[in-house]
Participant: 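Here's a structure for you.
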Amino acid sequence: MAVNKQTIFSGVAPSGTIHIGNYLGAIKNWVRLQDEYRSIFCIVDLHAITTPQDPEKLRKKIMEVAMIYLASGIDPEKSIIFIQSHVPAHTELGWILNTFTPLGELERMTQYKDKRQETSDKRHGVMAGLLNYPTLMAADILLYQTNKIPVGEDQLQHIELTRSLAERFNNRFGPTFTIPEALVDPVRSQSPKATADAPLAHRTSNGVEKSGARIMGLDDPIKKMSKSARNPENYIALLDSPDEIHKKIKIAVTDSGKEIIFDPKNKPAISNLLQIFGLFTDTATQELEKKYVGKNYAEFKKDLAEAVINGLKPIQEKYRELEKKPDAVIKILREGAESAQTISSKTIKAVKEKIGLIS
Ligand code: AMP
Ligand code: TRP
C-alpha cells in the first residue's frame with residue numbers, strides 16, 4: 001500500500017438486511033475506489049448495538065457483512081477489512097469525543113430523531129448509545145486520518161459533525177486530525193434535468209464532493225430504502241433470489257402517467273427505478289429514458305428485474321463460496337484488525353497526550 005495515497009474509511013452496521021441501497025450507495029463505490037486510495041472498510045458492530053440486537057443474530061450478521069464486502073469485490077490484498085470492536089481505539093476516542101460534543105448537536109441529528117421514534121421502549125425510553133452514535137462514527141473516521149468518506153447521501157449530517165469536532169479539537173489542541181470530506185457518488189449528475197432539481201449533496205457544499213446516490217423504498221419512493229424497514233417489499237436484499245427480485249420489482253409502486261422519465265420531483269417512483277437500473281448497468285438515466293420511449297411500465301420492470309438479478313448474481317455466487325470457509329474470512333478480519341490497530345494507535349496516543357492523559 002503506497003504511503004502517499006489518500007485514505008478512505010467507511011463502514012456498514014451489521015443490523016437489518018443489507019440491500020441494494022447499501023450496495024449502490026456505498027459498497028459498489030468502495031470497490032472502485034480501493035485502487036486509488038489507501039482503503040479501510042469496517043464492520044461497525046458497535047454501531048449496530050445502538051438499536052436492540054439479538055446476540056445470535058448479531059454474530060451471524062457480522063459475518064454476513066464481512067462476506068458481502070468480500071463477495072462484492074473488496075480485496076483484502078488492497079484494502080483493510082476489519083470489525084470495529086476488534087480495535088479498542090474506536091471506543092476510546094469515541095468516549096473522549098463525547099466529552100467535547102455539545103448535547104444539542106447530537107439531539108438535532110436526523111438519523112437520531114428517526115431512530116428514536118422506532119426504538120424507544122415504553123419503560124426506558126431511548127438509550128444513550130443511540131444519541132452518542134455520531135461521536136463513535138467521528139472516532140472511526142478521525143482515527144485513520146481519513147481524507148474521504150464514501151457514503152450514501154444520508155450520512156452527510158454525521159460527517160458535517162465529524163468535521164466540526166475535528167476542527168474544534170485542532171483549534172484547541174493543535175493539529176491532530178485530518179479534516180475529512182464526504183465522497184458521494186455522482187449518479188444524479190448523469191442527468192442534467194435531475195441535477196437541477198435534486199435537493200442533494202452539492203447544496204451543503206461544505207466538505208462534500210459531487211452529488212449523491214440515494215435509493216428510495218420500492219413501496220414508498222419518498223423515503224429511503226431502509227435496512228430496518230418492516231415491509232420486505234421496501235427493499236431488494238443483496239441476497240434475494242431471482243424470484244423474489246422479480247416479485248418485488250413487479251409490485252414496486254409506480255407514478256401516475258405512463259412515461260418512463262427521470263424526474264425525481266414529479267415522478268419519484270419511476271426515477272428511483274431508473275436510477276437503480278442505471279447503476280446496475282452503468283448506463284446514464286438519459287440513455288434509459290430514450291430506450292423506453294413508448295414502452296410500458298411492465299416491460300421496463302421486467303428488464304429492470306433482469307438487470308438487478310444479473311448485477312447481483314456474481315456477488316451471490318461468491319458469497320455462497322465464502323459461506324463454506326468461515327475460518328478464512330475470520331483470518332482476513334483478524335489481519336485487518338492488526339493493520340487498523342497499527343494506524344489508529346498513533347492517533348489515539350497523540351490525542352491522549354494532547355488532552356493531558358498519561359499514555
Ligand atoms: P446503513 O444502512 O445506514 O448502515 O448504511 C450503510 C451505508 O449504505 C451508508 O454509506 C449509507 O449511506 C448507505 N445507504 C444506506 N441506505 C441507502 C440508500 N437507501 N441509498 C443509498 N445509500 C444508502
Ligand atoms: N453511520 C453509518 C451508516 O449508518 C455507518 C458508519 C459508522 C460509518 N461509522 C462510519 C460510515 C464511519 C462511514 C464512516 O451508514
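Because only heavy atoms are used, hydrogens play no part in the values below, and waters and symmetry mates are left out as well, while side chains stay in. In each ligand, atom 1 is the first atom listed, and ligand 1 is the first ligand listed. Values in this document were obtained by computation on a predicted structure and should not be read as measured data.
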Participant: Regarding Asp154 and Gln111, do their side chains bring together a donor and an acceptor under 3.5 Å, going by distance alone?
Facilitator: no
Participant: Look only at interatomic distance and state if Met225 has a nitrogen or oxygen under 3.5 Å from any nitrogen or oxygen of ligand 1.
Facilitator: yes
Participant: Just which atoms of ligand 2 are under 4.0 Å from any heavy atom in Tyr133?
Facilitator: 1 (N), 2 (C), 3 (C), 4 (O), 5 (C)
Participant: Could you work out, for atom 8 (C) of ligand 2, the closest of His90, Lys115, His47, Met137 by heavy-atom distance?
Facilitator: Met137
Participant: Step by step, work out the side chain to side chain donor-acceptor pair (under 3.5 Å) result for Asn29 and Arg32.
Facilitator: CA-CA 5 Å; Asn29 303 321; Arg32 187 170 41 82; 3.3 Å; yes
Participant: For atom 11 (C) of ligand 1, which of the options Asp154, Leu24, Val151 provides the nearest non-hydrogen atom?
Facilitator: Asp154
Participant: Report the nearest protein non-hydrogen atom to atom 12 (C) of ligand 2: residue, atom name, distance rounded to 0.1 Å.
Facilitator: Phe9 CE2, 3.5 Å
Participant: If the plane angle is over 60° it's perpendicular, under 30° parallel, otherwise tilted; pick one for Phe82 and His90.
Facilitator: tilted
Participant: Would you say Asp140 has any N or O atom under 3.5 Å from an N or O of ligand 2, going by distance alone?
Facilitator: yes
Participant: Check each atom of ligand 2 against the heavy atoms of Ile149 and keep those under 4.0 Å away; list them by number with element.
Facilitator: 13 (C), 14 (C)
Participant: Enumerate the atoms of ligand 1 whose separation from the nearest heavy atom of Arg214 is less than 4.0 angstrom.
Facilitator: 20 (N), 21 (C)
Participant: Is there a path of hydrophobic side-chain contacts, each under 4.5 Å between heavy atoms of I/L/V/M/F/W/Y residues, joining Val253 to Leu273?
Facilitator: no
Participant: Enumerate the atoms of ligand 2 whose separation from the nearest heavy atom of Val151 is less than 4.0 angstrom.
Facilitator: 11 (C), 13 (C)
Participant: Heavy-atom distances under 4.0 Å are what count here, so tell me which part of Val12 touches ligand 2: side chain, backbone, both or neither.
Facilitator: neither
Participant: Side chains of Thr50 and Leu136: closer than 4.5 Å at any heavy-atom pair?
Facilitator: no
Participant: What atoms of ligand 1 come within less than 4.0 Å of a heavy atom belonging to Lys224?
Facilitator: 19 (N)
Participant: Do the ring centers of Tyr112 and His158 come within less than 6.0 Å of each other?
Facilitator: no
Participant: Does the side chain of Lys115 pick up a donor-acceptor pair with the side chain of Thr51 at under 3.5 Å?
Facilitator: no
Participant: With distance as the sole test, does Asn272 use its side chain to make a donor-acceptor pair with the main-chain N or O of Ala269 at under 3.5 Å?
Facilitator: no
Participant: Ile215 to ligand 1: N or O pair under 3.5 Å?
Facilitator: yes
Participant: For Phe169, what residues pass the ring pair (Phe, Tyr, Trp, His ring centres under 6.0 Å) criterion, not counting sequence neighbours?
Facilitator: Phe100, Phe173, Phe177
Participant: Counting only heavy atoms closer than 4.0 Å, does ligand 1 sit against the backbone of Met216, its side chain, both, or neither?
Facilitator: neither
Participant: Where is the nearest protein heavy atom to atom 21 (C) of ligand 1: which residue, which atom, and how far?
Facilitator: Gly21 O, 3.4 Å
Participant: Parallel, tilted or perpendicular: which describes the rings of Phe41 and Trp30, with under 30° parallel and over 60° perpendicular?
Facilitator: parallel
Participant: State which residues pass ring pair (Phe, Tyr, Trp, His ring centres under 6.0 Å) with Tyr297; sequence neighbours excluded, sorted by chain then number.
Facilitator: none
Participant: Among protein heavy atoms, which lies nearest atom 5 (C) of ligand 2, and at what distance?
Facilitator: Gly11 O, 3.6 Å
Participant: When only distance counts, is Glu153 in polar contact with ligand 1, meaning an N/O pair under 3.5 Å?
Facilitator: no
Participant: Determine whether the side chains of Tyr37 and Asn147 contain a donor N or O and an acceptor N or O closer than 3.5 Å.
Facilitator: no
Participant: Test of understanding: given a 4.0 Å heavy-atom threshold, classify the contact between Ile141 and ligand 2 as side chain, backbone, both, or neither.
Facilitator: side chain
Participant: If I apply the N/O under 3.5 Å rule, does His158 come out as touching ligand 2?
Facilitator: no
Participant: Nearest protein heavy atom to atom 10 (O) of ligand 1, by residue and atom, and its distance?
Facilitator: Gly152 N, 3.2 Å
Participant: For ligand 2, which atoms sit closer than 4.0 Å to a heavy atom of Val44?
Facilitator: 7 (C), 9 (N)
Participant: Ignoring hydrogens and geometry, is there a side-chain-to-backbone donor-acceptor pair from Lys61 to Asp45 under 3.5 Å?
Facilitator: no
Participant: Report the part of Lys227 (side chain from C-beta onward, or backbone N, CA, C, O) that has a heavy atom under 4.0 Å from ligand 1; answer both or neither where that applies.
Facilitator: side chain
Participant: For atom 5 (O) of ligand 1, what's the nearest protein heavy-atom neighbour? Residue, atom name and distance, please.
Facilitator: Asn22 ND2, 3.4 Å
Participant: One pair to check against side chain to side chain donor-acceptor pair (under 3.5 Å): Glu306 and His246. What are the steps and the verdict?
Facilitator: CA-CA 8 Å; Glu306 289 302 326; His246 267 298; 3.1 Å; yes
Participant: In ligand 1, which numbered atoms sit nearer than 4.0 Å to a non-hydrogen atom of Gly25?
Facilitator: 21 (C), 22 (N)
Participant: With a cutoff of 4.0 Å, is Gln111 in contact with ligand 1, counting heavy atoms of the residue only?
Facilitator: no
Participant: Short list, please: which atoms of ligand 1 are under 4.0 Å from a heavy atom of Val12?
Facilitator: 6 (C)
